[in-house]
Structure formats: structure tokens, C-alpha cells
Amino acid sequence: MRRQALSLALATVLTGLIAGCTSNGEIDNPVQRRATWFSFLSGDDIAAECEASGRERYRLTYIADREIQVRIYDIDADMPPKPQLRTRVMQVAASEWFPLPVLEDPSRPFRPYDTVTTLSEADMTAIRDDLLNAGWSTQPPPIGRKIASHSYAWLVAGCRDGAFSFQVWEYPDAEFDALAFPAVLFAAENSGIDVVPPPTDGERRTFDRFMGRTGDNMPSDGRELYNMQVVPRGVILVN
């Protein structure tokens, strides 16, 4: 009980500290990434620029269990001559894609694999249309929903026509399965890293800190889990 109380207290303090850190859109530095992760997922940097310039930008993040793989797609639709697609992939099996031996680049295991390419106008149109059809900017996000760190979900923050929007789709919801833009992104990117697909069991991953370490609350590798909660313009860390 004492250990659980201490864990809850530390989690509360961490929540407060992280809540005050705003992302600048970069996640190479692991310390900065830890402090600004939820701001980054929420697209706070995009929101700030949207209010100033209205530049059309998107951050589409696919979480396939936070500790297995995260794929981040930043699109700058106003980059001439074609929309720019920046792909960043973080995953546990980093040895599969090391471009350099660790001894030559000790920080490599802590940085995402980062590549840049362009999108065709047809792909950009397809992504825009699917986001609109999926309710990205026309429906409110599922405010209050808790998404466990070992869940599978898409989080999309972006600026279009001078307005910032944020939306979430989570497995196994039908809306998640109906998304068409992931296939467009996966085909267009050039990371060369295989996508970790969602499971096929139809079960939502959940985490309840007060239930003890059983079932979903205790992954096979014994790692700690957390929840992020959806708010009107992003996600925050919660107990």
C-alpha cells in the first residue's frame, strides 16, 4: 500500500511537471522528449504556428503500443514544390535499423529514425479527404477517454484553413478500422521499417492503476504503463 501511494504521488508530480512543458516539434533529445511528449502528440507547436500564419500542417501519430513502435508523420502541405512528408519511427527493435554502430553514435538508440520525402498532390488530396470524412475537423474528439500506453491508436493534430483541430481514433473502434489515410502514408514514406499492425483480437487495451498488476495492468515484460486522456486540443498524462 505504501509503495502504491508513493507511485501515485510520483505520478502526480510528474503529471504537473510535464503539463508545463511545451514541445517545439523535435524529439531527438530523450530528456526533452520525455518532458514534452504529450505536448508533441497534441501538436502544440503546430497550434501556435497556426494562429500566427495559418500554414497547412499535420502531425499524424500512430501508436502501436508505446513501447513497441510509434510512427510520426509530419506533413507540410505548403512546402513548394510538393507537400513534404517527414517520417519519424521509434521502436524497441532499434538494432534492425541502426545506420551506424552504437560505439560510433552512442545517442542513436535514443533517437527516432528520421526521413523526409514528398507527397504527390493525389496523395495529399486523399489524406485531406479522409481526414474530413473521418470527422477530424468536424467532430469533437472523444474528450475524457483514457488511452493506455500499450493501446493502438491514431492521433492527428493539424492546421487547415487557419484553424487548428485534433482528433483520436483507437483500436478496435470501427472508425479506427475505416481510416484510409494510414495506407497512403505507409505507401508514401521511405523509412524502410515495417509497420507494427494492430492486434486482431478485437480487445481494447486498458490500464487501471488501482487494480494492481494483473491482466492488462501487467505486461509480460513487467514495464510500467500509463494513461493519456483526451482533452479538446490534445492529450494529457493522467493516473
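- Counting heavy atoms from C-beta outward, Asp130 and Leu179 have side chains that approach closer than 4.5 Å.
- Atom CD of Gln69 sits about 7.0 Å away from atom CD1 of Ile193, to the nearest 0.5 Å.
- Expressed to the nearest 0.5 Å, how far CD of Gln167 lies from OG1 of Thr138 amounts to 8.0 Å.
- Residue Arg34 holds its CZ atom at 12.5 Å from CG of Asn29, rounded to the nearest 0.5 Å.
- You'll find the side chain of Pro112 stays beyond 4.5 Å of the side chain of Gln91, heavy atoms only.
- With values rounded to the nearest 0.5 angstrom, Glu175 atom CD is found 8.0 Å from Gln139 atom CD.
- Tested against Arg86, the residues Asp114, Thr115, Thr117 include a single side chain to side chain donor-acceptor pair (under 3.5 Å) partner, Asp114.
- By the 4.5 Å heavy-atom criterion applied to side chains, Arg233 and Ile143 are not counted as neighbours.
- The aromatic rings of Tyr171 and Tyr152 stand perpendicular to each other, their planes meeting at an angle above 60°, with 30° marking the opposite boundary.
- Using a 4.5 Å heavy-atom cutoff, the side chains of Arg145 and Val168 are not in contact.
- Judged by distance alone, the side chains of Ser151 and Arg66 never bring a donor and an acceptor atom under 3.5 Å apart.
- Side-chain rings of Trp154 and Phe181 approach one another, their centers coming within less than 6.0 Å.
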